[in-house]
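One structure below.
Proteins get letters first, then strands, A, B, ... in listed order; numbering begins at 1 in each. Because the structure is predicted, anything quoted here is derived from the model rather than measured.
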Number of protein chains: 2
Amino acid sequence: MKKLDRIDRHLLALLQQDARLTSHQLAERVGLSPSPCARRIRRLEQQRLIQRYRAELDRERLGLGLTVFVHVKLSRHQDALVEAFEAAVADMPEVIECHTVSGAFDYLLQIVSADLKGYERWVRQLQTLPMVNTVDSSFAIRAVKRAGALDLRDARPTDDDS
Amino acid sequence: MKKLDRIDRHLLALLQQDARLTSHQLAERVGLSPSPCARRIRRLEQQRLIQRYRAELDRERLGLGLTVFVHVKLSRHQDALVEAFEAAVADMPEVIECHTVSGAFDYLLQIVSADLKGYERWVRQLQTLPMVNTVDSSFAIRAVKRAGALDLRDARPTDDDS
DNA sequence: AAAAATATTGGCATGTCCTGCCAATATGGG
DNA sequence: CCCATATTGGCAGGACATGCCAATATTTTT
């Protein structure tokens, strides 16, 4: 798989900030003409270094101002229960993000809801899952930095084209 | 400020998943013709319910497979020190996200780097900040759900047009 | 170092899509 | 029931993306 040169990195960085830039605008920023620019972007898409394009919404303005970070610990870790838990979580639209993590807890989740009432409804729902042991909520008070772009300085593509 | 009807919500939901859908494609999915569709989207942008459009990159394929959640506690909380900390964090490209949170710690950060070596460099840098007291790292082992779309069922726009 | 093979570039033609306008329709208030 | 307002659907003009080509740059081979 081809390595990323300076221009590829530059394109990725620009598109992370604004996916609506035209080939022409990108071209003048990276010092190339529009057509090779478009072709490089298409290649980055085919290599799936660019996963997708998405619209980012404003939680505050949408009245979804409550973000909560939730640490979850399971009581039993049999494969079937773990999978059931993860499937349940993946299906809950309030769950924006969920990772298994090292440390005292098994999972760290990010939840977004309109208010505490909505959040409580979700926690209740979560606690009906029998394999859930501990639920530890940490409320986000203020976002210092949100959805930052990836730092591409150390990025180099893996040749995993699966 | 106008309330969101069923179609607005539908458009936002679709654009959260794929910002490249054309007005025509959106139109047939929401059951409208392209022009009112485009106009509604423009209004959503002007109201800044849509914040921006961005390309989402694949961390794994870019060789940036290490995600770490870091809890930070400050030792002193004078305004100047808090601001200095937040400014430093906002300037660090490895920091993808940073929130002040309730609970035993002051901040929760998400860090992305290529490997443990890169992560260590960042932690060292963080710990040079004099107001930093505790740094608690929790490594992401696997993403169960990443960058989920917002759940718009309870969304209603605030009339904050600042 | 020269020559060939390969990859990349820049420009152009075509087709698609977005934008701004219009008349027609639907919605809501008096 | 009628009028005022908002929203819709379609069309014309312009911007943009896509696919192609010859020209240039880069790399490999001999």
Discussion item. Is it the case that the side chain of B:S138 and the backbone of A:S102 share a donor-acceptor pair, with hydrogens and angles ignored and the cut-off at 3.5 Å?
Written reply: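 Yes, the answer is positive, given that a donor and an acceptor are paired below the 3.5 Å cut-off.
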How many whole angstroms separate atom [atom1] of [X] from atom [atom2] of [N]?
X: A:R40; N: D:dT18; atom1: CZ; atom2: C1'; result: 18 Å
X: B:I41; N: D:dT7; atom1: CD1; atom2: C1'; result: 15 Å
X: A:D5; N: D:dA25; atom1: CG; atom2: P; result: 17 Å
X: B:H24; N: D:dG10; atom1: NE2; atom2: C1'; result: 13 Å
X: B:K3; N: C:dG28; atom1: NZ; atom2: C1'; result: 15 Å
X: B:L26; N: C:dT16; atom1: CG; atom2: P; result: 18 Å
X: A:Q25; N: C:dC18; atom1: CD; atom2: C1'; result: 14 Å
X: B:I7; N: C:dT27; atom1: CD1; atom2: P; result: 11 Å

Touch check for [X], heavy atoms < 4.0 angstrom, all strands: base, sugar-phosphate only, or nothing?
X: B:R20; result: nothing
X: B:R43; result: sugar-phosphate
X: A:S35; result: base
X: B:R39; result: base
X: B:S23; result: sugar-phosphate

Worksheet item: Which nucleotide in the list D:dG9, C:dT9, D:dG19 gets nearest to the side chain of A:R42?
Response: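 Output: D:dG19.
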Discussion item. Taking the minimum atom-to-atom distance to the side chain of B:T22, which one of D:dT8, C:dT8, C:dC17 wins?
Written reply: C:dC17
Item to complete: Could you walk me through whether B:F69 and A:F69 pass the ring-ring contact (aromatic ring centres under 6.0 Å, His included) test, one step at a time?
Response: CA-CA 11 Å; B:F69 296 98; A:F69 295 98; 8.0 Å; no
Item to complete: Inspect the contact between B:D18 and A:R52 and indicate whether a charged nitrogen and a carboxylate oxygen are less than 4.0 angstrom apart.
Response: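 No.
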Worksheet item: Can a salt bridge be assigned to the pair A:R153 and A:D151 using a cut-off of 4.0 Å between side-chain N and carboxylate O?
Response: yes
Worksheet item: Hey, does A:L74 have a side-chain heavy atom less than 4.5 Å from the side chain of A:L81?
Response: no
